[in-house]
There are 2 protein chains.
Amino acid sequence: MTRAEENYIKTIFHLGGNASQLISTNAIAEQMETKPSSVTDMAKKLADKNLVKYVRYQGVSLTDLGIKTALSIIRKHRLWEVFLVKKLDFTWDEVHEVAEQLEHIKSEKLVDKIDELLDFPKYDPHGDPIPTKSGEFLERDKQLLSELEIPSSGICVGVKDTSATFLKFLDKNHIALGHEITVLEKEDFDDSLKIRIAGRELQISNQIATNLYVKKES
Amino acid sequence: MTRAEENYIKTIFHLGGNASQLISTNAIAEQMETKPSSVTDMAKKLADKNLVKYVRYQGVSLTDLGIKTALSIIRKHRLWEVFLVKKLDFTWDEVHEVAEQLEHIKSEKLVDKIDELLDFPKYDPHGDPIPTKSGEFLERDKQLLSELEIPSSGICVGVKDTSATFLKFLDKNHIALGHEITVLEKEDFDDSLKIRIAGRELQISNQIATNLYVKKES
DNA sequence: AATTAAATTTAGACAAATCTAAAAATTTGT
DNA sequence: ACAAATTTTTAGATTTGTCTAAATTTAATT
């Protein structure tokens, strides 16, 4: 498998192309910052390799083999992210770019040993679940911060947007995975929230609240 | 820099193409298992980028920039090898293939952090020196086992051949870096040696002895 | 249902890295 | 020194992954 092929498979997975839902070439092109015609070419190639189902003018979806492949790549990506943060003191906004490269290293032993070194983590630094060697993974029971009742509280367990700008904003405001977040008030005008985190009160926009996942205390 | 360019630079360095010595396209092609015509093409490209000096029909040698680049790649390669052995329990015959991939990862921070994690090692698992961030490195004072006087002894500090078959042979015979090797006798007929290592006596061929580096006890 | 708009595919081109076969330059042998 | 052998380069082709522009199909609108 070439690097380009792997990147397509990963993107299709992230766009929901498992579950026999067809993803349009346009959507893939936009996500990958490439042209629809390039996607068409690759779709044919991946279909030849039995990694995707491709229906002309309709789109692509991953085959079982494609899903298995995608999970393997995602597993590697997320394990490397944990490694970078836990062992090399990278911040969570720095890991993505490097993990994008490391995920393509071909060595089963390497991945499994990294997994072992990290003591088999279940989630990456952004709270996303890490597939096991056999491809199983559990999406955590979580909800957007914007959907919490008011007032109530939850534990911060993940982020939706993983861009460096967003993650740096969170760092600056002492918002990190594992912290308790209490929603105190909602402003009806713009849906902004007043929250308490790490002992501080903070006003956050709806755009922030719709990119933070929390788990309600049980 | 593309991966192919990096591999050419590294190969030229290993063939001695620093020090203004010109390396032939044939030699490079043979080493890289490619064709001389491909080397010619790449030589022009690297010359355009000021990484090598290229004289038609004569060969190539690295420029200062080329040497700096080569040392950076070799540094990464050897640090990853140490990482694989020390942190992930790879054996020394398993590391090369994976390090060949890891050496192309582009992240200065990553290399420096790996260096730090390993406590700034000076030698890789085969006894080869690791260039520092600024490109300095000391070739160890060493000699081939075949060149030791008889009888005398030295510490095993490196291997010349790093192929998996050779390294596995060494493992099987309990020969590892850091061990003391005593040369007891030389067989005039075939230059084979009787040695003592790790408390055992062993007969080794001249081919083995010319691929093992030792440092005389001081 | 026909026309317009949008999405998708095809056709042809390009850059990177490689190859083969033929031409040119260099080296070797006598 | 000159022919033969070797090495190196050139020219043209191939593969992968991409692009643009034109053609085709599907979807939307009136």
Expressed as a whole number of angstroms, how long is the span from [X]:[atom1] to [N]:[atom2]?
{"X": "A:Glu30", "N": "C:dA7", "atom1": "CD", "atom2": "C1'", "result": "13 Å"}
{"X": "B:Lys49", "N": "C:dA16", "atom1": "NZ", "atom2": "C1'", "result": "10 Å"}
{"X": "B:Met42", "N": "D:dT8", "atom1": "CE", "atom2": "P", "result": "18 Å"}
{"X": "B:Leu22", "N": "C:dA25", "atom1": "CG", "atom2": "P", "result": "19 Å"}
{"X": "A:Lys35", "N": "D:dA22", "atom1": "NZ", "atom2": "P", "result": "15 Å"}

Task: For B:Thr210, all residues meeting side chain to side chain donor-acceptor pair (under 3.5 Å), sequence neighbours excluded - done: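 Side chain to side chain donor-acceptor pair (under 3.5 Å) check on B:Thr210 returns nothing, list empty.
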Name each donor-acceptor pair under 3.5 Å that joins a side chain in residues 104-112 of chain A to protein atoms two or more places apart or in another chain, with its distance.
unit_1   : atom_1 : unit_2   : atom_2 : d
A:His104 : ND1    : A:Glu6   : OE1    : 2.5
A:His104 : NE2    : A:Asn7   : OD1    : 3.1
A:His104 : NE2    : A:Glu100 : O      : 3.3
A:Lys106 : NZ     : A:Glu6   : OE2    : 3.1
A:Lys106 : NZ     : A:His104 : O      : 3.3
A:Ser107 : OG     : A:Leu110 : N      : 3.1
A:Glu108 : OE2    : A:Lys133 : NZ     : 2.7
A:Lys109 : NZ     : B:Glu94  : OE1    : 2.9
A:Lys109 : NZ     : B:Glu94  : OE2    : 3.0
A:Asp112 : OD1    : A:Arg75  : NH2    : 3.1
A:Asp112 : OD2    : A:Lys133 : NZ     : 2.6

Task: Any donor-acceptor pair under 3.5 Å from B:Arg140 side chain to B:Pro129 backbone - done: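 No: the side chain of B:Arg140 does not pair with the backbone of B:Pro129.
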TODO: Nearest 0.5 Å please: distance from the OG1 atom of A:Thr165 over to the CG atom of A:Asp93.
DONE: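 The OG1 atom of A:Thr165 sits 9.5 Å away from the CG atom of A:Asp93.
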Open item on the list: When you measure from the side-chain N and O atoms of B:Thr34 to the phosphate of C:dT18, is any distance below 4.0 Å, counting only OP1 and OP2?
Closed with: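 So the side chain of B:Thr34 is outside the cut-off, no N or O lying under 4.0 Å from OP1 or OP2 of C:dT18.
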Task: Nucleic acid contacts of residues 1-13 of chain B, taken as heavy-atom distances under 4.0 Å to DNA chain C - done: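 Within residues 1-13 of chain B, the residues near DNA chain C are B:Thr2, B:Ala4, B:Tyr8.
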Open item on the list: Check for me whether the distance between the ring centres of B:Tyr213 and B:Tyr123 falls short of 6.0 Å.
Closed with: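 Here the rings of B:Tyr123 and B:Tyr213 have centres that are no less than 6.0 Å from each other.
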Task: B/S/- contact track for nucleotides 8-13 of chain C, protein heavy atom under 4.0 Å - done: BBB---
TODO: Kindly assign one of parallel, tilted or perpendicular to the pair A:Phe83 and A:Trp80, based on the angle between their ring planes and the thresholds 30° and 60°.
DONE: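 Geometry flag for A:Trp80 against A:Phe83: perpendicular rings.
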Open item on the list: I'd like to check the salt bridge (Lys or Arg N to Asp or Glu O under 4.0 Å) partners of A:Lys160; sequence neighbours left out, ordered by chain and number.
Closed with: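 Partners of A:Lys160 by the salt bridge (Lys or Arg N to Asp or Glu O under 4.0 Å) criterion come out as none, since no residue qualifies.
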Below 3.5 Å, can you tabulate the donor-acceptor pairs from side chains in residues 14-22 of chain B to any protein atom, sequence neighbours excluded?
unit_1  : atom_1 : unit_2  : atom_2 : d
B:His14 : ND1    : B:Lys10 : O      : 3.3
B:Gln21 : NE2    : B:Gly16 : O      : 3.2

